[in-house]
Amino acid sequence: LFRSTQWGVCTEDGAIRLSWRLVHLQPALADYVVAHECAHLVELNHSRRFYRLLAALYPEWRGARERLELAGAALPIFKETT
């Protein structure tokens, strides 16, 4: 499961999982999340090397990250009930 602020995850074995909540966002923001997770295929951390790779994949990543945070805060959070 994803945390409410988590848009995607890349595992050590190279699997990428994306949150279903991405369907509620602008496609460019979903593209940023995909680029972010693809960068994790090479660097499983948030090092300088990771951010250089992310910048090569998605040059406007800083602005996209800010817009993603704002857009995510505006989405409702659905909690599973049992």
Side-chain angles (χ1 to χ4, degrees):
L1 290 176
F2 290 96
R3 296 186 312 264
S4 62
T5 58
Q6 191 172 24
W7 296 103
V9 65
C10 180
T11 64
E12 286 184 17
D13 64 353
I16 292 176
R17 293 184 183 89
L18 302 172
S19 170
W20 65 271
R21 296 175 76 223
L22 287 172
V23 302
H24 296 287
L25 302 178
Q26 297 171 1
L29 296 181
D31 289 347
Y32 159 70
V33 173
V34 171
H36 183 104
E37 298 311 325
C38 286
H40 280 309
L41 292 171
V42 176
E43 285 292 318
L44 279 174
N45 54 51
H46 290 109
S47 65
R48 287 183 181 178
R49 184 174 175 208
F50 167 85
Y51 284 109
R52 282 194 302 269
L53 180 56
L54 179 58
L57 294 172
Y58 200 100
E60 300 298 320
W61 69 268
R62 286 180 179 91
R65 182 174 65 183
E66 289 175 14
R67 291 191 316 277
L68 181 65
E69 290 174 8
L70 292 173
L75 292 178
I77 296 174
F78 299 101
K79 295 196 177 192
E80 194 174 314
T81 60
T82 55

Step by step, would you call Arg62 with Tyr32 a side-chain contact (heavy atoms from CB on, under 4.5 Å)? CA-CA 10 Å; Arg62 286 180 179 91; Tyr32 159 70; over 6 Å; no
What is the minimum heavy-atom distance between Ser47 and Asn45, and which atoms define it? OG-OD1, 2.8 Å
Is there side-chain contact between Glu43 and Arg48, with at least one heavy-atom pair below 4.5 Å? no
If I compare all heavy atoms of Cys10 with all of Leu41, which pair ends up nearest, and what's the gap? SG-CD2, 3.5 Å
In Å, rounded to the nearest 0.5 Å, how long is the span from OG1 of Thr11 to CD of Glu37? 10.0 Å
Mind checking whether Leu68 and Leu18 sit in one hydrophobic cluster, side chains of I, L, V, M, F, W, Y counted as touching below 4.5 Å? yes
Applying a strict under-4.5 Å side-chain criterion to I, L, V, M, F, W and Y, I'd like to know whether Leu75 and Val33 cluster together. yes
Using every non-hydrogen atom in the two residues, find where Tyr58 and Ala64 come nearest and quote the distance to one decimal. CE2-CB, 3.7 Å
Could you tell me how the ring of His40 sits relative to the ring of Phe50: parallel (under 30°), tilted (30 to 60°) or perpendicular (over 60°)? parallel
So which atom in Gly72 and which in Trp7 form the shortest heavy-atom distance, rounded to 0.1 Å? CA-CZ2, 3.6 Å
How far does CD of Glu66 sit from CD of Glu60, to the nearest 0.5 angstrom? 11.0 Å
Identify the heavy atoms of Leu22 and Ala30 that sit nearest to each other, and give their distance. CD2-CA, 4.2 Å
Which pair of heavy atoms, one from Ala35 and one from Leu57, lies closest together, and at what distance? O-CD1, 3.6 Å
